[in-house]
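Just below is one structure, and these are the notes that go with it.
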2 protein chains.
Amino acid sequence: MPLIQEIRRHHNLAELAREHGFRLTTQRRLIFSILESASTHMNAKEILAQARRVDPGIDQVTIYRNLAVLKKLGVVDELDLLHLRGDQHYYEARQDRPHSHVACLQCGKVMEFSSPAMDKISTEIRDELGFSISFMRVEIGGACAECRRKTPLTSPQTKANQNVSRSKKLN
Amino acid sequence: MPLIQEIRRHHNLAELAREHGFRLTTQRRLIFSILESASTHMNAKEILAQARRVDPGIDQVTIYRNLAVLKKLGVVDELDLLHLRGDQHYYEARQDRPHSHVACLQCGKVMEFSSPAMDKISTEIRDELGFSISFMRVEIGGACAECRRKTPLTSPQTKANQNVSRSKKLN
DNA sequence: TTATTGTTGCAAAAGTTTTGCATTAAGAAA
DNA sequence: TTTCTTAATGCAAAACTTTTGCAACAATAA
């Protein structure tokens, strides 16, 4: 990322925070910068792990409280990625362009996709419902090209099968 | 709902379940019928409460396990409604037409909205990514017409403020 | 530099979702 | 219909994630 833009962004965060009576603590700045430079969507635990590489004393609670603040400020969005990766929430720094998350239900890969049709939808909603949109999330589930040939549905709840979801979370 | 369609749907569920090796238990049928006739999105607790009016002995676990199965079968979708109502998940029977959820960030109202532009997006994703879409979820946050004049952002984390989210869940 | 009060960390609690296991019951086969 | 196989249920307990209370700390403005 170009330095100029980075400076501008941080300046904006400081200003934004001050405007709304929030303080810009080192932890808050750290958490935001992690999301800003993240290449994938991260959940609270992942954010914590990465934050501890810089500030080993930082606590989970601080992550949660700051994600809440950053969401309020509108600089971070919360996703659930269709619950493909478990029931946790995922976060990303808000981007300039709205985009869709396209998730493969089989391999779990998540791609991003932007299109003018999304603007079309927002215009319609503004015009037809009198609704003022502040953000938009599009999540799409299906099968990616590579997974097309695999089995389309998992089998019934057998003992072995019931263990999958929780254990997926653990590692 | 017309009787014919109701019969057809239940027939489909039975067939779908059998095809995939799932059994059609009374509890499963009950849970699906609750979602099918629900006018709003329901979370697990609400589904449980309503199910107990018919089958008082039904357990929470059965709700969770069946929601998982119904999701696998593709007849139920899981939403988080932008976490406006807390962090739980919400469920709805899958509808014939894809639709958007338009949620007011201030009053919490959730409206539904359909548009051909949604089909446009799915066509693009199919063509440009080679992705086979099985469903699509659009969630939009903003301010509804009625809420436009209220304050756009809540103030900092004061003691009083921190209590809001959890206590909202409790009642 | 000082006063104010938002913020952090720690420990504990709350709430939701999952697991283990014995028992029950759906659905195919006899 | 009856029998047989095994998916599904219910109960109790556990596992996780997220929130709360509170004393100590630190970011801002005066």
Side-chain angles (χ1 to χ4, degrees), chain A residues 14-15 17-31 43-48 51-52 55-70 72 78 80 83 85-91 154-171, chain B residues 14-15 17-31 43-48 51-52 55-70 72 78 80 83 85-91 154-171:
Chain A
E15 204 167 275
R18 188 160 21 75
E19 266 170 31
H20 297 284
F22 293 105
R23 290 173 185 175
L24 198 52
T25 62
T26 48
Q27 293 92 332
R28 183 161 296 165
R29 209 190 320 260
L30 171 59
I31 291 166
N43 64 19
K45 190 189 290 186
E46 292 163 346
I47 296 168
L48 175 64
R52 282 196 166 150
D55 173 359
I58 198 170
D59 194 89
Q60 267 198 331
V61 182
T62 302
I63 306 294
Y64 285 114
R65 290 198 271 229
N66 274 295
L67 288 173
V69 169
L70 294 170
K72 272 191 190 170
E78 188 175 15
D80 61 23
H83 306 286
R85 302 193 200 157
D87 293 323
Q88 293 136 312
H89 305 153
Y90 292 83
Y91 300 87
T154 337
S155 41
Q157 282 186 36
T158 60
K159 297 277 156 66
N161 211 356
Q162 291 182 354
N163 290 328
V164 176
S165 60
R166 176 69 77 185
S167 36
K168 207 190 299 173
K169 276 186 208 171
L170 289 175
N171 48 29
Chain B
E15 205 167 275
R18 188 158 25 75
E19 266 170 31
H20 295 285
F22 293 107
R23 291 173 185 176
L24 198 53
T25 63
T26 48
Q27 293 92 333
R28 183 161 295 163
R29 209 190 319 262
L30 172 60
I31 290 166
N43 63 19
K45 192 188 288 187
E46 292 163 346
I47 296 168
L48 176 65
R52 282 196 165 149
D55 174 0
I58 199 170
D59 194 89
Q60 267 199 332
V61 181
T62 302
I63 306 294
Y64 285 114
R65 289 198 270 229
N66 274 295
L67 288 172
V69 169
L70 295 170
K72 273 190 190 170
E78 187 175 15
D80 62 22
H83 305 287
R85 301 194 200 156
D87 293 323
Q88 291 138 311
H89 306 153
Y90 292 84
Y91 300 87
T154 337
S155 41
Q157 283 185 36
T158 61
K159 297 280 156 66
N161 211 356
Q162 291 183 352
N163 290 329
V164 175
S165 59
R166 177 68 77 184
S167 36
K168 207 191 299 173
K169 277 185 208 169
L170 290 177
N171 48 29

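What you see is a predicted model; the values in this text were computed from it and never measured. First the proteins, then the strands, lettered A, B, ... as listed; each starts at 1.
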*asked:* Main chain of A:R23, side chain of A:R18: is a donor-acceptor contact present, judged purely on distance under 3.5 Å?
replied: no
*Please work out whether the ring planes of A:Y91 and A:H89 are parallel, tilted or perpendicular, with thresholds of 30° and 60°.*
perpendicular
*Inter-axis angle, terminal five-pair segments of the helix from C:dT1-D:dA30 to C:dA30-D:dT1 [nearest 10°]*: 50°
*Interatomic distance, A:I47 atom CD1 to A:L67 atom CG [nearest 0.5 angstrom]*: 4.5 Å
*In whole Å, what is the span from the CZ atom of A:R23 to the C1' atom of D:dC25?*
11 Å
*Would one find a side-chain N or O of A:R28 under 4.0 angstrom from OP1 or OP2 of C:dT7?*
yes
*asked:* Can you tell me how far apart CZ (B:R65) and CG (B:D59) are? Round to the nearest 0.5 Å.
replied: 8.0 Å
*Go through D:dT9, D:dT5, C:dT17 for me and flag the one nearest to the B:Y64 side chain.*
C:dT17
*asked:* Let me confirm one number: the CG-CD1 distance from B:L48 to B:I63, rounded to the nearest 0.5 Å.
replied: 5.0 Å
_I'd like to check the side chain to side chain donor-acceptor pair (under 3.5 Å) partners of A:Y64; sequence neighbours left out, ordered by chain and number._
none
*asked:* Please report the distance, rounded to the nearest Å, between CD1 in B:I63 and P in C:dT18.
replied: 13 Å
*Can you see which heavy atom on A:R28 is nearest to which on A:L70, and at what distance?*
CG-CD2, 4.4 Å
*Does the side chain of A:T25 get closer than 4.0 angstrom to OP1 or OP2 of C:dG6 through an N or O atom?*
no
Taking only N/O atoms, report every protein-nucleotides 28-30 of chain C pair under 3.5 Å with atom names and distance.
none

*Under 4.0 Å between a side-chain N or O of A:N43 and OP1 or OP2 of D:dT17?*
no
*May I ask you to decide if B:I58's main-chain N or O and B:R52's side chain share a donor-acceptor pair within less than 3.5 Å?*
yes
Could you list all N or O pairs between the protein and nucleotides 9-12 of chain C that sit under 3.5 Å apart?
residue: C:dG9; atom: OP1; partner: A:Q27; partner atom: NE2; Å: 3.2
residue: C:dG9; atom: OP2; partner: A:D59; partner atom: N; Å: 3.3
residue: C:dG9; atom: OP2; partner: A:T62; partner atom: OG1; Å: 2.4
residue: C:dG9; atom: N7; partner: A:R65; partner atom: NH2; Å: 2.9
residue: C:dG9; atom: O6; partner: A:R65; partner atom: NH2; Å: 2.8

*asked:* Whole angstroms only, please: what is the CD1-P distance between A:I31 and C:dT8?
replied: 7 Å
*Find the distance B:H89:NE2 to D:dT17:C1' and express it as a whole number of Å.*
10 Å
_Separation of D:dA14 C1' from B:Q60 CD (nearest whole Å)_ = 14 Å
_Spatial distance of atom OG1 (B:T25) from atom CG (B:N66) [nearest 0.5 Å]_ = 5.5 Å
*Between CD of A:E46 and CG of A:N43, what distance do you get to the nearest 0.5 Å?*
4.0 Å
*Rounded to whole angstroms, how far apart are CG on A:N66 and C1' on C:dT7?*
8 Å
*Within this structure, what is the CD-to-P distance between B:E19 and C:dA26, rounded to whole angstrom?*
21 Å
_Just the rounded figure in Å: distance from C1' of C:dG27 to CZ of B:R29._
12 Å
*Side chain of B:L24: nearest nucleotide among D:dT18, C:dG27, C:dT7?*
C:dG27
